[in-house]
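Numbers restart at 1 for each chain; the letters A, B, ... are given by sequence-line order, proteins then strands.
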2 protein chains.
Amino acid sequence: MDRERLIDEILMLLPVLGRGLGRPGPGELGEISAQGIPVDVHISPGHVQVLIALGRGPHSIRHLAEVVGVSSPAVTQLVNHLEEHKMVERRHDPADRRVVLVDYAPGMQDIARRMMEGRRKRLREAVNPLTDEEARALLKGLVLLVGSFDAVREEAAGAKHS
Amino acid sequence: MDRERLIDEILMLLPVLGRGLGRPGPGELGEISAQGIPVDVHISPGHVQVLIALGRGPHSIRHLAEVVGVSSPAVTQLVNHLEEHKMVERRHDPADRRVVLVDYAPGMQDIARRMMEGRRKRLREAVNPLTDEEARALLKGLVLLVGSFDAVREEAAGAKHS
DNA sequence: CTACTTGTTTAAGTAACTTACATAAGTTGC
DNA sequence: GCAACTTATGTAAGTTACTTAAACAAGTAG
């Protein structure tokens, strides 16, 4: 495979991916409202990340920031939005009252899953033509690409301390 | 391969990719300035897409908008920035004076390539561990994912006309 | 020639972040 | 025990990368 062409394709495709992520389709909005969920809940990719992470249990703001890959104030904003819509709750960690733990509000985990189902379905259908081998390679490649940005990030952090 | 886990991973990874794209590393800025290129030239992913597209010859604004995947006014802004830094030039297409053709300014194609080399290098290194098969699968998967967003987009366009 | 379409730009606005700073809570060392 | 420092979060202000609506110019069709 021509690696230069691959790089070019990646450079052309990734921004498209990045831009397309934020966009719920009209079908998705219809699905959401059909489920009695207020359609004014705009769920950005960052919100999706938070909701997925919370599926694994309560997280502190700082931990969410790490998992999502953004700053703490950005997580504050994401969580504010979800809290305003009664999807998540904040509480202080009794073991360290500085820490704010974020968790699903009661009964909201299933609602969240249903809200994200349209996105999942679309992605599922998109990757459907891939063999298991190909899917594994896609994931591996995505992880490698993300890793290269982490390297940039760590480099920047390193430069900041020197 | 567990498809649900793949979908979750994609939903977690793609936003990270999208956010990381805009960030030149300090090493990259160093390289840029070492080549005598003014470091105030901020090259976003959109600019990269434009520069790559122009590598294939002059494009109209509208065509660039299609290739890059954004609106015409967004391309206007991208091109304005590049024009301000003398990297590209605009001229009207004599065959249809409504059309603005954008092309590299003389001698700038090589400069642009050198400006993007750090990005390319980083991506090259990132995908280096992939076998040819895996690289092909990565590209195929990316194209499929992008296609799913195009589908959303076309759906939205369809809904707008009904 | 008029009405409509197409292409681009300008203006205004939004979403999704960032950094700097303020406040609260916890830790360390004297 | 207390001052100095560190850590966690939220607020404020700003930036970036888009969007849509509208304006203007050029082209097309009847």
Side-chain angles (χ1 to χ4, degrees), chain A residues 14-24 40-50 58-66 68-84 88-102 149 152-153 156-157 160-161, chain B residues 14-24 40-50 58-66 68-84 88-102 149 152-153 156-157 160-161:
Chain A
L14 287 194
V16 184
L17 273 191
R19 290 183 203 111
L21 270 175
R23 209 174 5 225
D40 62 340
V41 187
H42 175 64
I43 299 295
S44 70
H47 291 122
V48 171
Q49 285 179 294
V50 167
H59 282 55
S60 67
I61 298 283
R62 184 188 160 95
H63 191 203
L64 282 174
E66 281 166 9
V68 173
V70 298
S71 63
S72 294
V75 168
T76 294
Q77 288 177 341
L78 291 171
V79 170
N80 283 350
H81 183 80
L82 294 172
E83 198 180 30
E84 276 156 23
V88 303
E89 294 174 341
R90 279 180 166 93
R91 65 176 194 271
H92 282 277
D93 182 351
D96 181 344
R97 295 194 52 70
R98 292 175 300 183
V99 175
V100 172
L101 291 175
V102 183
F149 295 131
V152 172
R153 210 157 122 139
K160 208 185 281 189
H161 288 98
Chain B
L14 287 194
V16 183
L17 273 190
R19 288 182 204 113
L21 270 174
R23 210 170 9 220
D40 62 340
V41 187
H42 175 65
I43 299 294
S44 71
H47 291 122
V48 172
Q49 285 178 295
V50 168
H59 282 57
S60 68
I61 299 283
R62 184 187 159 95
H63 191 204
L64 281 174
E66 281 167 9
V68 174
V70 299
S71 63
S72 295
V75 169
T76 295
Q77 289 177 339
L78 291 172
V79 170
N80 283 350
H81 182 80
L82 295 172
E83 199 181 28
E84 276 156 24
V88 301
E89 294 173 340
R90 277 179 168 93
R91 66 176 194 269
H92 282 278
D93 182 351
D96 181 345
R97 299 194 46 74
R98 292 174 301 185
V99 175
V100 172
L101 291 175
V102 184
F149 294 132
V152 173
R153 208 158 124 135
K160 208 186 282 190
H161 288 99

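For H81(A) and dT11(D), the NE2 to P distance is 16 Å, given to the nearest whole Å. R90(B) has its CZ atom 17 Å from the P atom of dA25(D), to the nearest Å. Between the CG atom of N80(B) and the C1' atom of dA17(D) there is a distance of 14 Å, given to the nearest Å. Rounded to a whole Å, the CG atom of L64(B) is 14 Å from the P atom of dG7(C). In this structure, R62(B) atom CZ and dG27(D) atom P are separated by 16 Å, rounded to whole Å. Between H47(A) atom NE2 and dC17(C) atom C1' the separation is 12 Å, expressed in whole Å. Regarding H63(A), its NE2 atom lies at a distance of 16 Å from the C1' atom of dT7(D), rounded to whole Å. Remark: C1' of dT16(D) and CG of L78(B) are 11 Å apart, rounded to the nearest angstrom.
The nearest pair of heavy atoms linking H47(B) to L82(B) is CD2-CG, 3.8 Å. Nearest heavy-atom pair across Q49(A) and P15(B) is OE1-CB, 3.4 Å. Residues S44(B) and L78(B) share a closest heavy-atom pair of OG-CD2, 4.0 Å. Heavy atoms only, all atoms of each residue included: V68(A) and V16(B) are closest at O-CG2, 3.8 Å. Here the closest non-hydrogen pair linking S60(B) and V99(B) is CB-CG1, 3.6 Å.
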What nitrogen or oxygen pairs link the protein and nucleotides 22-27 of chain C at under 3.5 Å?
residue, atom, partner, partner atom, Å
dG26(C), OP1, R97(A), N, 2.7
dG26(C), O4', R98(A), NE, 3.4

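Comparing dT18(C), dA21(D), dA8(D) by their nearest atom to the side chain of S71(A) picks out dT18(C). Of the candidate nucleotides dT19(D), dT11(D), dT8(C), dT19(D) has the atom nearest to the side chain of Q77(B). Of the candidate nucleotides dA12(D), dT9(D), dA16(C), dA12(D) has the atom nearest to the side chain of P73(A). Out of dT9(C), dC17(C), dC18(D), the shortest distance to the side chain of A74(A) is found at dC17(C).
Taken to the nearest 0.5 Å, the CG atom of L101(A) stands 11.5 Å off from the CZ atom of R90(A). With rounding to the nearest 0.5 angstrom, the OG atom of S72(A) is 12.0 Å from the NE2 atom of H63(A).
An OP1 or OP2 oxygen of dA17(D) is reached within less than 4.0 angstrom by no side-chain nitrogen or oxygen of R19(A).
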